[in-house]
Enquirer: 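So that we are looking at the same thing, I have put the structure below in structure tokens.
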Amino acid sequence: MRTKEVLNKTDIDRETLRFYERKGLLPQTRRTDSGYRVFSEKIIDRLQFIKTAKSAGFTLTEIRELVELKQKGATCKVGREI
């Protein structure tokens with residue numbers, strides 16, 4: 001999925017997407033030979049999670065910690081403690 005599709009499906013702007021990439025909230029993206037970023041379908045879920053967590057009052061640092069916990073397979077109890 002290309003950047004424009006991701007932006008349309010998540011209702012975020014291009015700069016926010018780039019910002020989240022720089023902050024380590026999103027996984028590295030594959031690029032085409034011409035340099036276009038290609039995202040997996042999983043990116044939609046990640047961006048929705050980030051939006052929900054931000055609206056719940058979490059900081060980006062806390063959101064990154066939650067994302068890292070999920071990647072490590074931590075239990076929900078650990079996430080709730082944050």
Side-chain angles (χ1 to χ4, degrees):
M1 173 178 352
R2 295 245 175 122
T3 303
K4 186 174 182 175
E5 291 175 88
V6 171
L7 301 179
N8 288 337
K9 288 183 178 186
T10 59
D11 197 33
I12 64 169
D13 60 44
R14 188 176 306 272
E15 289 306 311
T16 301
L17 183 65
R18 288 178 181 156
F19 178 75
Y20 290 162
E21 286 178 316
R22 283 192 308 270
K23 292 295 183 180
L25 295 168
L26 302 175
Q28 292 283 7
T29 57
R30 184 173 60 84
R31 291 192 178 260
T32 64
D33 291 337
S34 55
Y36 290 103
R37 292 179 293 175
V38 179
F39 298 91
S40 74
E41 289 290 328
K42 293 179 182 180
I43 199 74
I44 303 300
D45 292 335
R46 174 74 61 90
L47 289 167
Q48 293 297 345
F49 172 77
I50 293 168
K51 286 175 69 173
T52 301
K54 279 183 64 184
S55 68
F58 286 93
T59 66
L60 291 180
T61 300
E62 292 168 332
I63 294 170
R64 186 175 49 244
E65 289 174 16
L66 290 170
V67 167
E68 289 171 357
L69 285 174
K70 182 178 180 185
Q71 290 173 340
K72 293 176 184 175
T75 64
C76 292
K77 180 182 177 190
V78 175
R80 275 189 233 116
E81 290 174 0
I82 292 177

Enquirer: When clusters are formed by joining ILVMFWY residues with side-chain heavy atoms under 4.5 Å apart, either directly or through shared neighbours, do Y36 and I12 land in the same one?
Expert: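 As far as the 4.5 Å side-chain criterion goes, I12 and Y36 are not connected within one cluster.
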Enquirer: Side chains of K42 and P27: does their closest heavy-atom pair fall under 4.5 Å?
Expert: no
Enquirer: Just checking D11: does its CG atom have more than 12 heavy atoms from other residues, nucleotides or ligands closer to it than 6.0 angstrom?
Expert: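 Atom CG in D11 is not packed in, count stays at 12 or less.
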Enquirer: Are S34 and T32 close enough that a side-chain donor and a side-chain acceptor fall under 3.5 Å?
Expert: yes
Enquirer: Looking only at non-hydrogen atoms, find the nearest pair between T29 and E21 and report the distance.
Expert: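 The answer is CG2-OE2, 3.6 Å.
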Enquirer: What heavy-atom pair brings M1 and S40 nearest, and what distance separates the two atoms?
Expert: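 Heavy atoms only, the tightest pair is CE-O, 4.1 Å.
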Enquirer: Any chance you could measure Y20, atom OH, to I43, atom CD1, to the nearest 0.5 Å?
Expert: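 Spacing of OH (Y20) from CD1 (I43) equals 11.5 Å.
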Enquirer: One pair to check against side chain to side chain contact (heavy atoms under 4.5 Å, CB included): F19 and L25. What are the steps and the verdict?
Expert: CA-CA 9 Å; F19 178 75; L25 295 168; 5.8 Å; no
Enquirer: Got R37 and L17 here, is their nearest side-chain heavy-atom distance under 4.5 Å?
Expert: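 The answer is yes; the side chains approach within 4.5 Å.
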Enquirer: Are any side-chain N or O atoms of K51 and backbone N or O atoms of T10, one a donor and one an acceptor, separated by less than 3.5 Å?
Expert: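 Checking the backbone N and O of T10 against the side chain of K51, a donor-acceptor pair under 3.5 Å is found.
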Enquirer: Can you get from V38 to L26 by hopping between Ile, Leu, Val, Met, Phe, Trp and Tyr side chains that sit under 4.5 Å apart?
Expert: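 No, V38 and L26 fall in different hydrophobic clusters.
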Enquirer: Any salt bridge between R18 and E15, counting N to O under 4.0 Å?
Expert: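 Counted as a salt bridge, because a side-chain N and a carboxylate O are separated by less than 4.0 Å.
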Enquirer: Ignoring hydrogens, what is the shortest heavy-atom contact between K9 and Q48? Give both atom names and the distance.
Expert: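 Reported closest heavy-atom pair: O-NE2, 3.8 Å.
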Enquirer: Does any part of the side chain of F39, heavy atoms only, come nearer than 4.5 Å to the side chain of L47, both counted from C-beta?
Expert: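 The answer is no, as the side chains (C-beta and beyond) never meet within the 4.5 Å cut-off.
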Enquirer: Is R64 reaching over with its side chain to a backbone N or O of K23, donor-acceptor style, under 3.5 angstrom?
Expert: yes
